[in-house]
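Notes follow once the structure below has been shown.
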Amino acid sequence: MDHFQYHGRVLHAEAVPLPDLAEAVGTPFYVYSSATLRRHYQVFTAALAGLDALTCFAVKANGSLAVIATLARLGAGADVVSGGELESALAAGVPAERIVFSGVGKSARELKAALTADILQINVESVPEMEALSRIACSVGTTARVALRINPDIDAHTHAKITTGVREAKFGIEWTAAHQVYARAAALPGLQPVGIAVHIGSQLTEIEPFAAAFQRLRDLIVMLRRDGHTITTLDLGGGLGVPYGDEEGPIPGPDAYAAVVRRAVGDLGCRLILEPGRLLVANAGLLVTRVLYIKEGATRTFVIVDAGMNDLMRPAMYGAHHAVVPVVNPEVNDKPMVADVVGPICETSDTFASGCTLPPLRAGDLLAIRTAGAYGSSMASFYNARPLCPEVLVADSTHAVVRERIPWQALLSWQRLPAWLAPPADESQGQADGR
Ligand SMILES: *Cc1c(COP(=O)(O)O)cnc(C)c1O
């Protein structure tokens, strides 16, 4: 459920009409709903009620400070995968003791930043990383709380590009080697191993892979405890999918997921860490775009919009489905049009929807691309020297621009021509203006 509804003919974000926002900030733009974020967080945490569980929002799904802060005020922590995300989480007001650092290739600088900030835990994914962390912790004069990220060799049955828990994947420590590696972690100076972590993939639409992975974790913990290790923390990762509209049946929700968590690991006496990303933010965001042209192609009709794959990469990258809906429904129900909704970018993959049924559209009309709050803005790029579009957070009838449009000139200002390519002095003015 989300708080993007039609009132009369006009799509609103909570109580704010989207055409008003388009007028205020220009298109394309992302809009997020505070009430939807709150609802998703509350439904997820309510499902886990009674368990000793900390929900750490996976910041890579949506790095907006305003989104992170909205969740943090409700009690969420943060799961970060880079030094930049760590800084974002801290800047958004997430307390360090609620931040977990994941990722397969953390640099020495990033590890040091995590130790200096004294975050809750660092999930290590290899022996060399563990050794590096041990050295850095010793040099800083601190002890790193670490969990070993295990690769449980479970197929998540999701898109190949976001399956992370199979043996062939680069993620985690092979589960059969886990007890050896855990013993090594316990022996290294500067490290305090506290537990195990797992994350088997994203956009899971079945519950069984979670059940299998958590069972494997359980077996491992029993074994590690038998070896004399203390295990206080279990990080179960994220990955629960959301409906985008093209699924075959209903997909499991937080209650089904929580039931599996309870059954598999609820009685181990461990503190649980959950790292949902997509589940919390996907339905809480729309990408709003304006129709530039209607083009009758040889075999199809194209609705050319001002948003592109640089703004929302998921359709191009994963063949992902996003519902596209009119922001203002027509007064009378005219014969609908069937069209491809495409962006302006020079790639055929720059297509948001194919064979989409829409009311008859004209240039200037607004469209909303749904379920765009996760892996939308956070994956955006300047491709084709396009700006990064603004982000707006709505709370009831108020809104705030939480990130301004970042103009493509920002890119130019960071570039330098080497001396041997510098334009002759009398031409330099025109060059600097980009003319
Ligand atoms: C990406 C990621 C998540 C979040 O995944 P979602 O599918 O968005 O819930 C959680 N934990 C780790 C380690 C990740 O890499």
Side-chain angles (χ1 to χ4, degrees), residues 37 40-41 43-45 47-48 53-64 67-68 71 76-82 85-86 89 98-106 110 114 119-126 129 146-152 154 156-159 161-166 169-173 195-207 209-210 213-214 217 233-244 251-254 257-258 261 272-285 314 317-318 320 371-379:
L37 292 169
H40 289 333
Y41 180 78
V43 167
F44 186 76
T45 49
L48 298 161
L54 173 66
T55 297
C56 290
F57 169 55
V59 168
K60 76 175 188 288
N62 188 317
S64 165
V67 168
I68 304 169
L71 294 168
D79 167 50
V80 302
V81 293
S82 72
E85 286 191 0
L86 172 59
R98 281 196 243 140
I99 298 178
V100 174
F101 198 160
S102 307
V104 73
K106 306 174 205 78
E110 289 173 322
I119 65 169
L120 175 62
Q121 89 185 25
I122 300 174
N123 294 349
V124 295
E125 300 213 15
S126 66
E129 184 195 8
V146 298
L148 299 197
R149 176 166 172 186
I150 299 305
N151 183 326
I154 301 290
H157 298 150
T158 181
H159 193 285
K161 288 183 186 169
I162 46 177
T163 290
T164 58
V166 289
K170 69 179 175 181
F171 298 98
I173 292 160
I196 300 287
V198 73
H199 171 72
I200 58 173
S202 195
Q203 185 55 15
L204 270 72
T205 54
E206 299 166 13
I207 212 73
F210 287 118
F214 299 166
L217 276 193
T233 306
L234 254 187
D235 182 336
L236 301 177
L240 194 54
V242 303
Y244 283 96
I251 65 176
Y257 176 80
V261 171
L272 303 179
I273 296 175
L274 293 307
E275 301 172 342
R278 189 188 309 272
L279 184 79
L280 298 180
V281 294
N283 286 328
R314 298 189 66 261
M317 184 129 138
Y318 310 119
T371 326
Y375 305 102
S377 181
S378 64
M379 291 178 99

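Residue indices begin at 1 and follow the sequence shown. As the structure is a prediction and not an experimental result, all values here were calculated from the model. Just so you know, ligand 1 is whichever comes first in the structure, and atom 1 is the first atom listed for that ligand.
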**Atom indices of ligand 1, in the order listed, that fall short of 4.0 Å to a heavy atom of P276** = 9 (O)

**Message:** Determine whether a donor-acceptor pair (N or O, by modelled atom type, separation under 3.5 Å) exists between the side chain of N151 and the backbone of V166.
**Reply:** yes

**Request:** Report the nearest protein non-hydrogen atom to atom 14 (C) of ligand 1: residue, atom name, distance rounded to 0.1 Å.
**Result:** K60 NZ, 2.8 Å

**Asked** Any N/O of S102 closer than 3.5 Å to an N/O of ligand 1?
**Response** no

**Request:** Please answer whether the main-chain N or O of R149 pairs with a side-chain N or O of N123 as donor and acceptor at a distance below 3.5 Å.
**Result:** no

**Request:** Check whether any side-chain N or O of E110 sits under 3.5 Å from a backbone N or O of K106 as a donor-acceptor pair, and report yes or no.
**Result:** no

**Shortest protein contact, atom 10 (C) of ligand 1 (heavy atom only)** = E275 O, 3.2 Å

**Prompt:** Near R149, which atoms of ligand 1 are under 4.0 Å from a heavy atom of that residue?
**Reply:** 13 (C)

**Request:** May I ask you to list the atoms of ligand 1 that are less than 4.0 angstrom from any heavy atom of R278?
**Result:** 6 (P), 8 (O), 9 (O)

**Prompt:** Do any nitrogen or oxygen atoms of G239 lie less than 3.5 angstrom from nitrogen or oxygen atoms of ligand 1?
**Reply:** yes

**Asked** Any side-chain heavy atom of L54 within less than 4.5 Å of one from V100?
**Response** no

**Request:** Looking only at protein heavy atoms, identify the closest one to atom 7 (O) of ligand 1 and say how far it is in Å.
**Result:** S202 OG, 2.4 Å

**Message:** If we ignore hydrogens and angles and just use 3.5 Å, is the side chain of Q203 paired with the main-chain N or O of L240 as donor and acceptor?
**Reply:** no

**Asked** So which bit of D79 gets within less than 4.0 Å of ligand 1, heavy atoms only: side chain, backbone, both or neither?
**Response** side chain

**Test item: S202 side-chain N/O and G239 main-chain N/O as donor-acceptor pair under 3.5 Å** = no

**Request:** Without swapping roles, check the side chain of K170 against the backbone of V104 for a donor-acceptor pair under 3.5 Å.
**Result:** no

**Request:** May I ask you to identify the nearest protein heavy atom to atom 8 (O) of ligand 1, giving residue, atom name and distance to one decimal place in Å?
**Result:** Y375 OH, 2.6 Å

**Asked** Quick check: does L279 get an N/O under 3.5 Å from an N/O on ligand 1?
**Response** no

**Prompt:** Do T55 side-chain atoms and A76 backbone N/O form a donor-acceptor pair below 3.5 Å?
**Reply:** no

